[in-house]
Amino acid sequence: MKSEELAFRIREQALQMVSHAHASHIGGILSCSDIVAVLYNDIAKFNAKDPRDPERDRIVLSKGHNGVALYIALAEKGFFPIEELKTYGDNGSRFSCHVSHKKVPGVEVTTGSLGHGIGMACGMALHGRLKHKSYHVYCIVGDGECNEGSVWETVMLAKQYQLDNFTVIIDANGMQAMGNTKDIIDMEPMANRWKAFGWTVAEVADGHDHRQLRAAFKAPHDGAPKVIIARTVKGKGVSFMENQLLWHYRDPQGSQLEQALSEIREKYRAESLN
């Protein structure tokens, strides 16, 4: 399977899961689908048959409200049956609407309180460094999440210990729960902020271009922790969801679900022919 196919499957199944559960956050799920797909398909090392393999790379989704993307990637990679994703959001299901590690193999930690996932990921990287382990830690955060002070505490700590086994990926879709990021707390120029803290910065102009993402992941760390700033589109792939704040919380039903699925399927078919 190519990463592009995995990203398509994440989008297709995510729309159906969110609709089924009457859950929210589909806009952010669609914006980070390509990041998740490239990371799981082409970059990270893991063993679905041994999810707690001590040498595995650690992946933390700090923006835990987009956990559907993580669940689907794990299912597609064989951590648990894909069919079980149909129980998402149901009473008694192990798949909660914010990502949870409880009884879900492959999920490192429960996240959802924005700003704390990156701190836990940094702790994993520090442990790996102190114990001379070879694993790498990847953490996906939102650009709105970067408003949290705990993010910048982590940024300082990671640089202090020169954690070049730590990569943060920012799903920079320009929007957060209550509006555009620039109107709430403007984090631009974002690259300069991270560089000022001593991090290696890789900017991805199109965070949905898998070649650009792979190149950014593989770029050297220069002896420091690395941040990948991936410019994405909230609601990517569905015309009436793209850059629409409404779809931070709303779930598609009826004709909207049908249209959304039709659009992403048509787009994937067209791209597959090129």
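All of these numbers come straight from a predicted model, not from anything done at the bench. Excluded from the calculations below are hydrogen atoms, water molecules and symmetry mates; all remaining heavy atoms, backbone and side chain alike, are included.
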Fill in: Non-hydrogen side-chain atoms of Phe46 and Lys77 separated by less than 4.5 Å
yes
Worksheet item: Between Gln212 and His208, is there a donor-acceptor pair closer than 3.5 Å when you use the side chain of the first and the backbone of the second?
Response: no
Discussion item. Is any side-chain heavy atom of Leu85 closer than 4.5 Å to one of Ile72?
Written reply: yes
Worksheet item: Looking just at side-chain N and O atoms, do Glu145 and Asn147 make a donor-acceptor pair shorter than 3.5 Å?
Response: no
Fill in: Distance in Å, Ile229 CD1 paired with Ile170 CD1, rounded so as to fall on 0.5 Å steps
5.0 Å
Worksheet item: Would the number of heavy atoms belonging to other residues, nucleotides or ligands and lying under 6.0 Å from NZ of Lys2 be above 12?
Response: no
Fill in: Non-hydrogen side-chain atoms of Arg231 and Glu203 separated by less than 4.5 Å
yes
Practice prompt. Provide the closest heavy-atom pair for His20 versus Lys86 in the form atom of the first, atom of the second, distance.
Written response: NE2-O, 3.2 Å
Worksheet item: Heavy atoms, side chains only, cut-off 4.5 Å: are Val109 and Met124 in contact?
Response: yes
Could you go through residues 148-158 and list every donor-acceptor pair under 3.5 Å that involves a side-chain atom there, pairing it with any protein atom two or more places apart or in another chain?
from, atom 1, to, atom 2, distance (Å)
Ser150, OG, Gly115, O, 3.0
Trp152, NE1, Cys146, O, 2.8
Thr154, OG1, Ser150, O, 3.0

Discussion item. Looking only at side-chain N and O atoms, does Glu12 offer a donor or acceptor that is under 3.5 Å from a partner on Gln16?
Written reply: no
Discussion item. Do His98 and Thr111 have side chains that approach each other closer than 4.5 Å (heavy atoms only, starting at C-beta)?
Written reply: no
Worksheet entry | From NZ (Lys236) to OG (Ser33), nearest 0.5 Å | 11.5 Å
Worksheet item: Relative to each other, are the rings of Tyr249 and His25 parallel, tilted or perpendicular (30° and 60° limits)?
Response: tilted
Worksheet item: Can you check whether Ala224's main-chain N or O pairs, donor with acceptor, with His221's side chain at less than 3.5 Å?
Response: yes
Worksheet item: Ignoring hydrogens and geometry, is there a side-chain-to-backbone donor-acceptor pair from Tyr71 to Phe95 under 3.5 Å?
Response: no
Worksheet entry | Pairwise distance OH(Tyr88) to CG(Asp90) - rounded to 0.5 angstrom | 10.5 Å
Worksheet item: Do Gln13 and Glu76 have side-chain atoms, one donor and one acceptor, less than 3.5 Å apart?
Response: yes
Item to complete: Ignoring hydrogens and angles, tell me if any N or O in the side chain of Ser3 forms a donor-acceptor pair with the backbone of Ala37 under 3.5 Å.
Response: no
Worksheet item: Under a 4.5 Å cut-off applied to non-hydrogen side-chain atoms, are Leu163 and Cys122 in contact?
Response: yes
Worksheet item: side-chain contact (heavy atoms from CB on, under 4.5 Å) with Lys63: which of Asp171, Asp143, Val141?
Response: Asp171
Item to complete: Decide yes or no for His101 and Glu108: does some side-chain heavy atom of the first lie under 4.5 Å from some side-chain heavy atom of the second?
Response: no
Item to complete: Answer whether the closest heavy-atom distance between the side chains of Phe8 and Glu271 falls below 4.5 Å.
Response: no
Worksheet item: Do Asn173 and Ser31 get their side chains close enough for a donor-acceptor pair, meaning under 3.5 Å?
Response: yes
Practice prompt. Could you go through the side chain to side chain contact (heavy atoms under 4.5 Å, CB included) check for Val168 and Ile228 one step at a time?
Written response: CA-CA 6 Å; Val168 170; Ile228 297 171; over 6 Å; no
